[in-house]
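Okay, so here's the structure we're looking at.
Indexing begins at 1, ligand by ligand and atom by atom, following the structure's order. Note that the numbering runs from 1 along the sequence shown for the chain.
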Amino acid sequence: MNGESPLKVKVLTIFPELFPGFLGYSLTGRALAENKWSLETVNIRDFAFDRHGSVDDTPAGGGAGMVMRPDVLGAALKRHYSGGRLINMSPRGKPLTQKLVRELAAESELTIICSRFEGIDERVLEAYGAEDVSIGDYILTGGEQAACIMLDAVIRLLPGVLGNAESAASESFETGLLEYPQYTKPAVWEGREVPEVLLSGHHRRIEDWRLAQSEEVTKVRRPDLWKKYLDSKTN
Ligand code: SAH
């Protein structure tokens, strides 16, 4: 794990003003202010060479939309990519999972490419060995939103960012199960009671109840995770 030195994040985008965006608030914002991670944005448009500042062009082979030019992005990468993991946000990428998030949180430097429209000329991604990462099976308008979500998940795992280290360990996915339901005060709200066991003060019974709830909700909502969980228990 990167214990002392802050995680260095570089983002290449045509909308640098979107950063830090919501990462500037709450836990991730405090972590930025406390130098637990650092942010550098690179405006890809600064590397355009025509007088209109174009970064994209029509797709080879025809079709809708525009594609980011390899020469423009290549020039930005040549100047600003200094090693470490290079990630391109893309619906064609490998799915972002908590496992990948944990891996990224252990890096010392992440460079992230955000694009719009139809995406990026494949040659520049190949030349720089960029990894495509997807945040889910749906299409957004731009990579910036996806990058912020990925970074949010990564930053909260950096040392000292979460106040209560325990809360990271029991959360959905970390155990292979979805989390049990949560309750707080008042004990009765509009006739609905907090489950009696949670008020019993009986730690063993509470743990058993929570595990049973986690198993139940995972079985019903996510048969895919449930199967993996059962397999991991028998192996
Ligand atoms: N035509 C492309 C989608 C382009 S969406 C395709 O079908 O694959 C425009 C940009 O938004 C993408 O280049 C990518 O940077 C970002 N984006 C959209 N959906 C995303 C997702 N699920 N995960 C990560 N990035 C995404």
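- Less than 4.0 angstrom separates some heavy atom of R92 from each of these atoms of ligand 1: 8 (O).
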TODO: For salt bridge (Lys or Arg N to Asp or Glu O under 4.0 Å), just list the numbers for R204 and D208, CA-CA rounded to whole Å, side-chain angles, deciding distance to a tenth of an Å, and then say yes or no.
DONE: CA-CA 6 Å; R204 183 71 235 185; D208 290 348; 2.9 Å; yes
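- Using a 4.0 Å cut-off to heavy atoms of E118, the atoms of ligand 1 that qualify are 1 (N), 2 (C).
- Of the options L140, N88, I120, the smallest heavy-atom separation from atom 5 (S) of ligand 1 is shown by L140.
- The protein heavy atom nearest to atom 12 (C) of ligand 1 is S115 OG, 3.9 Å.
- Under a 4.0 Å criterion applied to the non-hydrogen atoms of G119, ligand 1 contributes the atoms 13 (O).
- Annotation for ligand 1: atoms under 4.0 Å from non-hydrogen atoms of V133 are 24 (C).
- The protein heavy atom nearest to atom 26 (C) of ligand 1 is P91 CD, 3.6 Å.
- Atoms of ligand 1 lying under 4.0 Å from any heavy atom of G142, numbered from 1 in the order shown and given with element: 10 (C), 11 (O), 16 (C).
- Those atoms of ligand 1 with a heavy atom of I139 less than 4.0 angstrom away are 5 (S), 19 (N).
- When all heavy atoms of D50 and G53 are compared, the closest pair comes out as OD1-N, 2.8 Å.
- Counted within 6.0 Å of CG on D231, heavy atoms from surrounding residues, nucleotides or ligands total more than 12; the atom is thus considered enclosed.
- With hydrogens and angles disregarded, a donor-acceptor distance shorter than 3.5 Å links the side chain of T28 to the backbone of Y25.
- Under a 4.0 angstrom heavy-atom cut-off, T141 registers as being in contact with ligand 1.
- Ligand 1 has no N or O atom lying under 3.5 Å from any N or O atom of F117, backbone or side chain.
- Here R221 does not pair with E216 in a salt bridge; the nearest charged N to carboxylate O distance is not below 4.0 Å.
- For atom 25 (N) of ligand 1, the nearest non-hydrogen atom from the set A64, S90, S134, C114 comes from S90.
- I135 N, 3.0 Å is the protein heavy atom nearest to atom 23 (N) of ligand 1.
- Salt-bridge formation is not detected for the pair E190/R192: no Lys NZ or Arg NE/NH1/NH2 atom is positioned less than 4.0 Å from an Asp or Glu carboxylate oxygen.
- The protein non-hydrogen atom at the shortest distance from atom 15 (O) of ligand 1 is M89 O, 2.8 Å.
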TODO: Determine, stepwise, if the pair R210 / E179 fulfils salt bridge (Lys or Arg N to Asp or Glu O under 4.0 Å).
DONE: CA-CA 8 Å; R210 285 180 165 167; E179 202 177 58; over 6 Å; no
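- A salt bridge between K8 and E107 is absent, with no side-chain N of the basic residue lying under 4.0 Å from a carboxylate O of the acidic one.
- Evaluated for a side chain to side chain contact (heavy atoms under 4.5 Å, CB included) with I112, the options R85, M89, E144, K10 yield exactly one hit, M89.
- Distance CD1/I113 to OG1/T111: 8.5 Å, rounded to 0.5 Å.
- Interface of A146 with ligand 1, defined as ligand atoms under 4.0 Å from a residue heavy atom, comprises 24 (C), 25 (N).
- Per-residue contacts place Y138 under 4.0 angstrom from the following atoms of ligand 1 (heavy atoms of the residue considered): 19 (N), 21 (C), 22 (N).
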